[in-house]
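Structure, as structure tokens:
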Amino acid sequence: MTKTSAAYRKKLIEVALPLEAINKAAAREKSIRHGHPSTLHLWWARRPLAAARAVIFAQMVDDPSAHPDLFPTERKQEKERKRLFKIIEELVRWENTNNEEVLQAARDEIWQSWRHACAANADHPRAKELFDRHTLPAFHDPFAGGGALPLEAQRLGLESYASDLNPVAVLINKAMIEIPPRFSGKPPVNPMVAEQGGLFEREWKGAQGLAEDVRYYGQWMRDEAEKRIGHLYPKVEVTAEMAEERPDLRPYAGEKLTVIAWLWARTVKSPNPAFANVDVPLASTFMLSTKPGKEAYVEPLIENGSYRFTVKTGKPVNAVAAKNGTKLSRGANFKCLISEAPILGDYIKAEGRAGRIGARLMAIVAEGVRGRVYLEPTAEHEAAAHATSPEWRPDSPLPDDPRNFWTVQYGFTRLGDLFTDRQLVALTTFSKLVGDVRERIQRDAVSSGLIRDGRGLEQEGLGATAYAEAVSLYLAFALDRTVDRGSTVCSWDNSPKMEALRNTFGRQAIPMVWDFAEGNPFSGSSGNWLNNVEWSSKAVELLPGTSGGHALQLDATCQSISTGKVVSTDPPYYDNIGYADLSDFFMCGCVARCAPCSRVYSQR
């Protein structure tokens, strides 16, 4: 609506905002993890929900100065403005994200301003179409990205439209604003609910039923996957001999511990001609844990012209050497473990392009009673990692973009190069199970009473087919979380508060990682499958599922969705982030396995 085409009233956002309260809420939101929509699926430029909610509210609510009949003096206007500020201050608090009393107060203000606008434009030639006092205008974000603005518009009572060219962004928005309203208030369909009849009688608010089914069928997928590939992830046995050398292992003597991660160092042939047949490690650190009193580190032992890795506990004698590993300085600059000859970046790049960069197991991280247990590598565990070959390897080329993709110059030029064989077998197995579980969900949905109409999400279905696609989409998102923590770009965080697997996208790029951590999807820690399912479920559980939502794949320059709608957006910043290329990383996960994913990707 422009000033020349209709009676215009100044909006609150044009005059003032309680910026301190908004900034405080937005900053606090960064530490909120469980249940936050950002945990549903990774996006590289998330906008704070608090800021999005405040902006849309202030964009739609009149500033008091727009009503001199009601607030004739500056003093009265300022008093009314402070009242609106209080609504915003409550609205942006994380605790009030789904507080219906607070949200309704905000919606009431939006409605009031809208009715003022309708009255002021009663004589507009298209008043019946554009200024219906009984219907709020719909909302559109043409650069929807991670979906903060469309989600918050929906939360404030507007029918929300989200569009983007990027298929990952479209799927994220479908999962957040399009699917939950279709099945809002519905109970789960899984057999356990039927067996425990009381669950049917409870009130299932919003997307809680969907979330419960994501958990149930995620557990089924985990159990099925373990049957198929569990043997590739053996437990590690603590022998009496090991316990004798390490007092900290004595409580575990004779036990088999579940492995959390296998820590690998990439290797190249030594540049020293005397050791040219030895694959020496490129390790950025030998420290495994830096927790005070519980330090652990790798100590390489050189013997007979070669070396082996041992694991020690306590403070290392040479703390600097343990901290630096075989690294000499920033970048790809290392030293030969045996001869101490420098291994420079150009040499490593040449070895990589020749396909001669390998990997060697440095240490094993296992689940202990009160924390991590660090063990030295065994031949059995190194063999287990190479005991399988993937039937499928993603061969999409990685872009030659040294700003965002650092692996290409080292010979890792295709998407499949970023994974071990075992990782690809695991990801392929879970990917197949996303397709298998969809059929199971559909059968259970029909048994629970949903109609068998054969109409999926894209056909506006509300029956068993659409529901099965919806649950499988959220499970595909759990798979994408697994992909993010299941590549050779994941490193081990040895800091005292973490001791955990880092994810691939610690930054808006795919960096080169020299010593990487390979997680165990069947463990109880660090990005395991059930953990990823739970993160997805908690996010789904708190989605509003109120007003209608629509997510579409559209070019913002030639779309007409924005016509007649409230538009609020955060446009892209030229090529600051390589969204398109980075998003392709997730094609090796859910694409072609869940119906909505395959359809959206096929339109690229």
Parallel, tilted or perpendicular: ring planes of Phe586 versus Trp44, cut at 30 and 60 degrees: tilted
Aromatic plane relationship, Trp264 with His386 - under 30° parallel, 30 to 60° tilted, over 60° perpendicular: perpendicular
Euclidean distance, Asn324 CG relative to Thr285 OG1, rounded to 0.5 Å: 7.5 Å
Pairwise distance OG1(Thr420) to CG(Leu418) - rounded to 0.5 angstrom: 11.0 Å
Could you walk me through whether Glu255 and Val238 satisfy the side-chain contact (heavy atoms from CB on, under 4.5 Å) test, starting with their C-alpha distance in whole Å, then the side-chain angles of each, then the deciding distance to 0.1 Å, before giving a yes or no? CA-CA 6 Å; Glu255 292 187 25; Val238 180; 5.6 Å; no
Ala468 and Gln442: which non-hydrogen atoms are nearest, and at how many Å? CB-N, 3.7 Å
Where do Arg481 and Thr39 come nearest, in terms of heavy atoms and distance? NH1-O, 2.9 Å
Passes side-chain contact (heavy atoms from CB on, under 4.5 Å), Asp444 versus Tyr217? Steps please. CA-CA 11 Å; Asp444 291 343; Tyr217 293 104; 2.7 Å; yes
Polar contact flag, side-chain donor to acceptor under 3.5 angstrom, [X]-[Y]:
X: Ser396; Y: Asp584; result: no
X: Ser284; Y: Asp515; result: yes
X: Ser270; Y: Asn272; result: no
X: Asn190; Y: Asp213; result: yes

Sidechain N-carboxylate O distance under 4.0 Å for [X], [Y]:
X: Glu351; Y: Arg266; value: no
X: Arg502; Y: Asp493; value: yes
X: Glu541; Y: Arg215; value: yes
X: Arg356; Y: Asp279; value: no

Do we get Arg360 above Tyr307's six-membered ring, with its NZ or CZ under 6.0 Å from the centre and within 45° of the axis? yes
Both conditions, 6.0 Å and 45 degrees, for the charged tip of Arg422 above the ring of Tyr233: are they met here? yes
Decide if atom [atom1] of [X] counts as having more than 12 heavy atoms of other residues, nucleotides or ligands within a radius under 6.0 Å.
X: Glu244; atom1: CD; answer: no
X: Lys269; atom1: NZ; answer: yes
X: Glu303; atom1: CD; answer: yes

Strictly distance-based, threshold 3.5 Å: is any side-chain N or O of [X] a donor or acceptor partner for the main-chain N or O of [Y]?
X: Glu29; Y: Ala50; answer: yes
X: Thr326; Y: Ala283; answer: yes
X: Glu376; Y: Ala363; answer: no
X: Tyr410; Y: Ile348; answer: no
X: Thr310; Y: Glu299; answer: yes

Pair Ile510-Phe505, side-chain contact (heavy atoms from CB on, under 4.5 Å): steps then yes or no: CA-CA 7 Å; Ile510 293 182; Phe505 291 105; 3.7 Å; yes
Can you confirm if the aromatic rings of Phe419 and Phe585 lie within a centre distance of less than 6.0 Å? yes
Does Lys432 form a salt bridge (charged side-chain N to carboxylate O under 4.0 Å, His left out) with Glu391? I'd like the steps, not just the answer. CA-CA 12 Å; Lys432 287 180 178 177; Glu391 62 183 48; 2.4 Å; yes
